[in-house]
Protein chains: 2
Amino acid sequence: MLPSSTVENYLKAIYLGSSAAQTQPQRLLPMGQLASALGVAPGTATTMVKTLAESGLVKYEPYAGVALTAAGQKLAAMVVRRHRVIELFLVRVMGYGWDEVHDEAEQLEHVVSNRLIDRMDEMLGRPEVDPHGDPIPDARGVVKPQQAQSLLTCPLNTRVTITRVIDQDKSFLRFIESHHLKPGESIEVEERDAASDSVRVRGKDDQRVTIGTRAASKLLVQ
Amino acid sequence: MLPSSTVENYLKAIYLGSSAAQTQPQRLLPMGQLASALGVAPGTATTMVKTLAESGLVKYEPYAGVALTAAGQKLAAMVVRRHRVIELFLVRVMGYGWDEVHDEAEQLEHVVSNRLIDRMDEMLGRPEVDPHGDPIPDARGVVKPQQAQSLLTCPLNTRVTITRVIDQDKSFLRFIESHHLKPGESIEVEERDAASDSVRVRGKDDQRVTIGTRAASKLLVQ
DNA sequence: GCGGTAATTTTGATTAGTCAAAATGTGGAA
DNA sequence: TTCCACATTTTGACTAATCAAAATTACCGC
Ligand SMILES: [Mn+2]
Ligand SMILES: [Mn+2]
Ligand SMILES: [Mn+2]
Ligand SMILES: [Mn+2]
C-alpha cells in the first residue's frame, strides 16, 4: 500500500511539529497541535492517528500525543525531501520567487516520482538547503544537523550570516527579501530592546531595520 | 468547486475516447468504453457520469452514452494540455526518454498550477505537439486540426514524414525509437500485404522494417 | 482530596468514489 | 414478432476522510 496524500501530510506534520521545538528524539506531539497544523477537527486527527498507529508508522499515547516510528520517520523525511527539492527547483530552474513556491510544492510533493526528484536533485547539484534555508534530507532521510542561533540569541555587534528563515508566509518572505535579509546575507545585531519588544539590525550598505522579536526569532544565523 | 483528480480523469477519458474514432462534434461515447478506459466497473462509470451531468460537464443519454458539454470540453482540454506540456518538459528539460513520461504526466497533470504550466510552455517555446506528436491544446483549449494519414492509407513509394505515434505502450515506443520511426523521421512505404497482414517500410539509411497493420495504423504521417 | 477547565476522545453522520451482483433495457437474429 | 445475448443501470455495501457535538479524561489550584 503506497501512502495516500493524506497519510503523507499527517506524517510530515508530525515530523515538522516534533522537530519544531527542536528536542530529543522522541518528543510526543499533542493531538491539538497536530490537528491545527493540518487544519482539521481534533477528533479527525485522533481517528487518523489511530489508524497510522495500526500501520506501525507512529506511536500513539492516548491523551499524551503522537511520535513517528522509524518507518514513519523515513517516510516523513522523504516527503520533506521532495517538498524542499521541488521548492529549490522552482526557484532556480523555473524562475519562481521564494515566496511563491510553497503552495505549489505542497501539491507536487505527493505525486512526483523518486526518479524525477533525483533528476531535479542532480540538476541542482545535490543541494543541502532549500530557498528558505530549510535543510533537505538526503535520499536516506538523513539531515545535516544545523546549529541554531537566532537573531534573539546571537552575539551583539558581531558579523553573522543569515542561514534560514522559518516562516512560509508570503508577505513575511517579501518583507525579508526587500530588506536584504535572505539566507546568505551578512548582518549584525546592534541592539535588542525588551521594552519595545524589538531588535535592530544593521545589514547591507549599513542600512538599519528594526523588527519585532517574534519576527527576529524566525531568522536563524551562523 | 475545483474538480477532483477523478473528475478530471473522467473528462479526459471522454475527450480522448470521443475523438479517438475522430468524428463529428458530438459522438456519444458508450459507457462500457469509458469504464474500461478508466479501469473501473461499468456501474461506477454510470454513477459518476450522472453526477457529471448534474454539474453540467457532460450530456448523458441512458443506454446510449456520454459526451462533453462546452464546459466539460474546456476542462478536459486543459487536462490534456497539462499532460502534454508536462511530457514534453520531461523529455526536453529533464532528460526523460519518450517512453518514460506518460505515467509521471498522468499524476502531475492534476496538481500542477496554471502558472507552472505556463512557465514550462514558455520555456519550451509554445510547442504545438508533445514527444509523441500528440497535439497540445493552447491556453484556450483549441487544438490545431491535424490531417490524418497513417502508414495504412498514405501513398506507396512516396517520401512522408512521421508526425505522430498513437500508443503509450512502453515497449511499442521503444521499438519505434530503435527503428528510427519517431515523429520527424522521413520514410517511405514500400509495400502493403493483406495476406501477411503487414507493411514494409524503408527508413533511415534505406533500412527496411516490416510491421503489422495494427502497428502501422498507429503511425501517422504527412 | 475536590472541582473546574481545557484538551482529548467518542459517537453518529456525511461525502466521494468504488465494487459485485442482481435487475433491466436494447437491438439484432430468426 | 419474438427472443436472446449483451450492454447498461440499479442496488446494497464498503473504505477513506472528514465534521459537529457529546462524553470523557487529565491536570492544576486550592
Ligand atoms: Mn515550503
Ligand atoms: Mn522551504
Ligand atoms: Mn501520455
Ligand atoms: Mn503523449
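Reckoned from all heavy atoms, side chains included, excluding hydrogens, waters and symmetry mates.
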For B:D167 and B:K218: C-alpha separation, side-chain torsions, deciding distance, then whether salt bridge (charged side-chain N to carboxylate O under 4.0 Å, His left out) applies.
CA-CA 7 Å; B:D167 192 328; B:K218 303 289 185 52; 3.2 Å; yes
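Partner of B:R82 under the salt bridge (Lys or Arg N to Asp or Glu O under 4.0 Å) criterion, chosen from B:E8, B:E106, B:E109: B:E8.
For the 3.5 Å distance criterion, the side chains of B:E104 and B:Y96 qualify, holding a donor opposite an acceptor. Residues A:S196 and A:D193 bring a donor and an acceptor atom of their side chains to less than 3.5 Å of each other.
Heavy atoms only, all atoms of each residue included: B:A13 and B:L29 are closest at O-CD2, 4.1 Å.
As a whole-Å value, the separation of B:H110 NE2 from C:dA16 P is 18 Å. B:L34 has its CG atom 11 Å from the P atom of C:dT18, to the nearest Å.
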Reading nucleotides 8-26 of chain D 5' to 3', which nucleotides get B (base under 4.0 Å from a protein heavy atom), which S (sugar-phosphate only), which -?
SBB------SSB-----SS
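Between A:D121 and A:R81, at least one side-chain N (NZ, or NE/NH1/NH2) sits under 4.0 Å from a carboxylate O, which counts as a salt bridge.
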Where do N or O atoms of nucleotides 2-5 of chain D meet protein N or O atoms at under 3.5 Å, pair by pair?
none

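The ring pair (Phe, Tyr, Trp, His ring centres under 6.0 Å) pairs that include a residue from residues 105-145 of chain A are A:W98-A:H132, where partners are two or more places apart or lie in different chains.
Not a single donor-acceptor pair under 3.5 Å links the side chain of A:T213 to the backbone N or O of A:S198.
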